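To start, the structure itself, in structure tokens.
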Amino acid sequence: MALVLTEEQQMLKTSAKEFFNGNAPIASLRDLRDKKSEAGYDQLVWSEMANMGWTGLVFPEAYGGLDFGYAGLGQILIESGKTLTPSPLMSSVIVSGTMINAYGSEEQKKTLLAAIAAGEKIVTLAYEESNAHRPHTAEASVSNNQLSGTKKIVLDGHVADTFLVTARTEKGLGIYVIDAAASGVSVERHTMMDSRNAATVTFSDVPVLAMIGLPGDGEKIMDHVLDVARICLSAEMLGSMEEAFERTMNYLKERKQFGVSIGSFQGLQHRAAHMFCEIEMCKSLVLKSLQAIDAESDELATLASMTKAKVGEIAKLVSNEGIQMFGGIGMTDDEEIGFFLKRARVAQLTYGDYNYHIDRYAALKSF
Amino acid sequence: MALVLTEEQQMLKTSAKEFFNGNAPIASLRDLRDKKSEAGYDQLVWSEMANMGWTGLVFPEAYGGLDFGYAGLGQILIESGKTLTPSPLMSSVIVSGTMINAYGSEEQKKTLLAAIAAGEKIVTLAYEESNAHRPHTAEASVSNNQLSGTKKIVLDGHVADTFLVTARTEKGLGIYVIDAAASGVSVERHTMMDSRNAATVTFSDVPVLAMIGLPGDGEKIMDHVLDVARICLSAEMLGSMEEAFERTMNYLKERKQFGVSIGSFQGLQHRAAHMFCEIEMCKSLVLKSLQAIDAESDELATLASMTKAKVGEIAKLVSNEGIQMFGGIGMTDDEEIGFFLKRARVAQLTYGDYNYHIDRYAALKSF
Amino acid sequence: MSTATQPNIDAFRTETRAWLEEHCPESMRTPVKGFDDYFWGGRQPKFKDEDQKLWFENMKSKGWTVPRWPKEYGGGGLSKAEYKVLKEEMESLGCRTPLFSFGIHMLGPALLNFGTEEQKKEHLTQIANGEIWWCQGYSEPGAGSDLAGLQTSAEDKGDHYLVNGQKVWTSYADYADKIFCLVRTDKNAPKHTGISFLLIDMKAEGVTTRPIKLLSGSSPFCETFFDNVKVPKENLVGTENEGWTIAKYLLTHERSMIGNVAKMDKTLDKYAVDAIGKVNGKLADPVNRVETAKWLIDEAAFNLTLERALDEAKAGSPPGAKSSFFKYYGTELNKRRYELMMSTGGFDNLIWGENAEEGKTPREFCRTKANSIEGGTSEVQLNIIAKHILGLPKS
Amino acid sequence: MSTATQPNIDAFRTETRAWLEEHCPESMRTPVKGFDDYFWGGRQPKFKDEDQKLWFENMKSKGWTVPRWPKEYGGGGLSKAEYKVLKEEMESLGCRTPLFSFGIHMLGPALLNFGTEEQKKEHLTQIANGEIWWCQGYSEPGAGSDLAGLQTSAEDKGDHYLVNGQKVWTSYADYADKIFCLVRTDKNAPKHTGISFLLIDMKAEGVTTRPIKLLSGSSPFCETFFDNVKVPKENLVGTENEGWTIAKYLLTHERSMIGNVAKMDKTLDKYAVDAIGKVNGKLADPVNRVETAKWLIDEAAFNLTLERALDEAKAGSPPGAKSSFFKYYGTELNKRRYELMMSTGGFDNLIWGENAEEGKTPREFCRTKANSIEGGTSEVQLNIIAKHILGLPKS
């Protein structure tokens, strides 16, 4: 497949750009943060996104979706990354939706997936238990059809209607569906450094509603779903770094010191030019990886790790250089460039950081 | 101990500088190379060094030495690094001499060490068998008091009078003394990329003259002796990088492009300033480590690995930047800056490279 | 100043130790923990407790809030050797510094070198006695690395200057009583020659401040605005239009104070082992293991280099532009440390929460990003190294 | 030129394949191995064997040494579509390029665009027929990145120019029959406007060459000296003093040819596994493992980016300054590869020996250091990116 957007994807990208710029600029994120928003995201924006079909974009028409493909969804993510717009798109649509669509029963698709696709329900995956990304292990367990355990860093956990929870079984990892309103569920909301939300969720003998797949399917399911999530998150991170870079370049042109634009200093020019090249690398990896999801490529895992590693590394570089090049003003909360720094660090750790994916890539390539 | 040179050390450094500049500039190395010198080093220079007492500098007076200490010897190495002077100082004096001085019998000191200290004999350690630095393992073995095995990268192996050879024993590593003239010794000389020499030496049932220490002492002896060697080699590498850096700075000031000195370009200035800082770091590590040898510090192993790792990394940086900043002219064999590049790569791999010592440092610090 | 012979110094040490033992309350011998534990002085001095007050008063009575200053300005009049003894004895008992003040370290040296006798009498004494809390007004929004590009103007109105403009990064301006400022007194002169050094009362009409919130949360920094502020002529320090000389003197003084990499409770390898754990005796994350080792080696090399510079200075070698080198390398090293801690600490370090206690590491991480900006950017330090140490030509 | 419709093209493909099958000797369908396997033409042509000669003569007879050039100059007169077919068919059979020549790729385009009818007739035909081996004389010792700073002078002497000066990096100048040069014809004009494009016979009196030895060993490069060389006026290409226009045209042409990271026999991970071995399924050297993974990811990203640029070009997006970006990143990537190979290969890669076969990897390693210098340094590429892509102001 050619490494360019189709006309439809380009149109979607353009409308996403307009939408986020118009409805959810960084000022909105600041507002959500300063007003300590209960949801942690703008619910009006979210329902608009659902109205436009973006919550169901990648799912089959049978469940209310548009069957448009991840390469298209990726463009929405890139644009939402530019405005740093928080929404349950990642947690509910991309992770949970993808999981149910690929591994859920017909019943689960008709109810849960349809509700996700319509933006009516928020479903989130609860799987991390330690401080580092360990998607294949769980101490949480099920006995007598009741689940117990504690999950960390559950994205949008405090607003979720339903949890998908990993637990160990005799056959390996299992994934269980749990109603957030069930007794025995306790949710502690945390505001993260990027002003988004993640929760620590404790399950104490909570009745299980159903499973996704069978006991022991969990590892395989997690690998596939998280690879999709890693690529989609990389798309969002790409948008953020493109925007942070553009803002930095504009600042270099505007800001004068010693009587000239600081952008005329060769020391900064060479660093800027190098960053430009690295961002181009990220663009290619992201596009190729998004297409690989739609093509159901055998290379998905390799591409996901390559992309998440490289994009995570460059997101750090670009956000650090952004602050340094903005200088003192960049350190203030009033200036928006700092929001990109904070978001980059959270995104970089989500679904496996640079270190994790470098190691995983080498393991996938058998060295 | 204060991290400055004593007056005596400073005087020694000054005379070493004069000596190498006067008697063994890089032109001499080129000459040895182009004339395919049989020894691979200038024997007149070597006997002058012996006459000045440098070959015995660190050894007790009882064996013809001056008992002056490694911090002093380090200054000679730094200066010889600036002129890239090849000599058996490292192989014979520092490695073999140190080993015999610390672990040899009285008899061995009176004969072998005294001959080393006088510059009369060249004794070299043969211990590498694989392509990477593995000082604790050996396939070579001894039976019926005859040693068999093949050793790689034996420094100055083609001119050695005596080999110290590692072999496995039931109790661990043992170190054996072998006469280079004995039957069963075959030496294949290799010219390395830095125009120095190392040999592949094959021992076939060669009679063993004696041992250094007992069977099983080898690991401990090798650790200590190689740590001394790593620090001394780092001193030499420091001298090389100081000289390469100074030459590069001079070139930046002289060379004009676009009507100005290329040294006025901020892109190059920032890289130069960064290198300056890194070289200062190396200076401190080298001096501290040299002093640690003399002080018989418990931290010797840690310091040796820190120093060899850091100096190796910066030697690569400085030699690469040297070539790049010299531009086309730097790529020619006529210009001497390239000699520093080649020497840096050989020295970086000798006695454990950057990767080896980063790993060893972490292991020594228990993480 | 007095010159002390060795027997005198030994006697001074005995006396000093006895005096400190007697006059320093036990609670003033414990490490300071938060902002509260510092006494800053000022028109409305705030003591945390009676011990803090007592300790301050005791030290003030000896002139030891500013031990090296002359006695006539409220100082201790100590010789260099005596001062060294006092510092050593305070350190050995763990005595806290009795008074924190930008007046002592930043304004004081300027007044001692460039002030009139009247100015010294008035201001130095007030600083020594902790009566005035001073803040610094150098930076401006439009003049960052190009400090001399400052635009705050002081117009000569006969008996006073009329000051208009804005300063930024004025630490604790919202607490301070007075500010020492660089202002432009000649708009037509080349930029380095039209600058003057002025003292301004923060209570004067037309002075307002606004705190600055940083990425990391609230901060001691403020913006300070001057709107037609009248400043008496006698508040000029040094010669009109020659303030840049004073500024340069103070900046050199300031730069040498920064660049140290702070010691942490936990070394980075311990931090990593605690956060990540080991597998087969090695840190479980192999990439982190390498980065941690590299950082520790660089930290050790940096500290050895500081030690070496100190030893070289003792041996008579001048520090020169080395302060730029320490500033550059030290701040970049500190940024790298926090970057590594964010990677090592994992998910817990993502939690920001509502107060600085909860999100300590990520807030500190954000704050470190300023290390390479404040006090002269890394780029400025690299320029200085290139030109003044390496002798590369001006670009 | 002819325009080909689809049926015509299909017919052309059939004919071409049949012709190639018949006229390309078997031995000319194997990959070239060394310098010997290339035929460079020239006044004293050297054929390695009969097959090489036969293949060259056959291709020449069709004008296919330069398939796109007009027939009147010895070319094949093929349309773009026909040329594509010929390339595909040659590739599918593995046919060697019959003639290597800087004349074809560097001088040809200049003459086609800027030459007189006489020059085209004479020189293009000779190039097409492999009768003249051309080399290039742009660079000078004093003018590296600043190509326009060249000093070789051509003084107008009425019927001829008198050329004095020195060129460097003139590849195969010791074999070549003629050289195309940039020379300065007006010393008083601004540096870009006093340059002319001149053709000089290497046999002319006063021309000497000296081969350049590199770090990596012997090289095709030479220095070429001009000492009062008389060059006939008709050897000027284009207008006097406007040679820079031709140079710019050719340089753009040249830059887009470099920057690809060559495919190697062994991927870097295989190379590492073979050299270092594995422990518990992982590369035994954990530091190398990380570096190798990083490099492979960057290599893949780079190749994908090349692919994307091609796809974007097909979709109508102009390449613009992207060639600078590929040149910079590709050459740095290649240098990193060899740096890693030196680390990975261990002691064996230190052996230099006496001939290029023995020390292959270390020699190649040394040679890669020039990647970021020749064809425009990395610094020049970064400047171009900063100005022409990012729009940053001139420094």
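This structure is a prediction, so every number in the text was calculated from the model and none was measured. Every chain is numbered from 1, with letters handed out A, B, ... down the list of sequences.
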Within 6.0 angstrom of Lys394(D) NZ, more than 12 heavy atoms from elsewhere: no
Greater than 12 external heavy atoms within 6.0 Å of Lys270(D)'s NZ: no
Results of ring pair (Phe, Tyr, Trp, His ring centres under 6.0 Å) for Phe221(C) - residues two or more places apart only: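 Applying ring pair (Phe, Tyr, Trp, His ring centres under 6.0 Å) to Phe221(C) gives Trp169(C).
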All salt bridge (Lys or Arg N to Asp or Glu O under 4.0 Å) counterparts of Asp298(C), not counting sequence neighbours: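 Expected list: Lys310(B), Arg336(C).
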Contacts of Glu223(C) that satisfy side-chain contact (heavy atoms from CB on, under 4.5 Å) - sequence neighbours left out: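 Only Gln166(C), Val168(C), Arg210(C), Ile212(C), Phe225(C) meet the side-chain contact (heavy atoms from CB on, under 4.5 Å) criterion with Glu223(C).
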Neighbours of chain C found in residues 275-291 of chain D - heavy atoms under 4.5 Å: Val287(D), Val290(D)
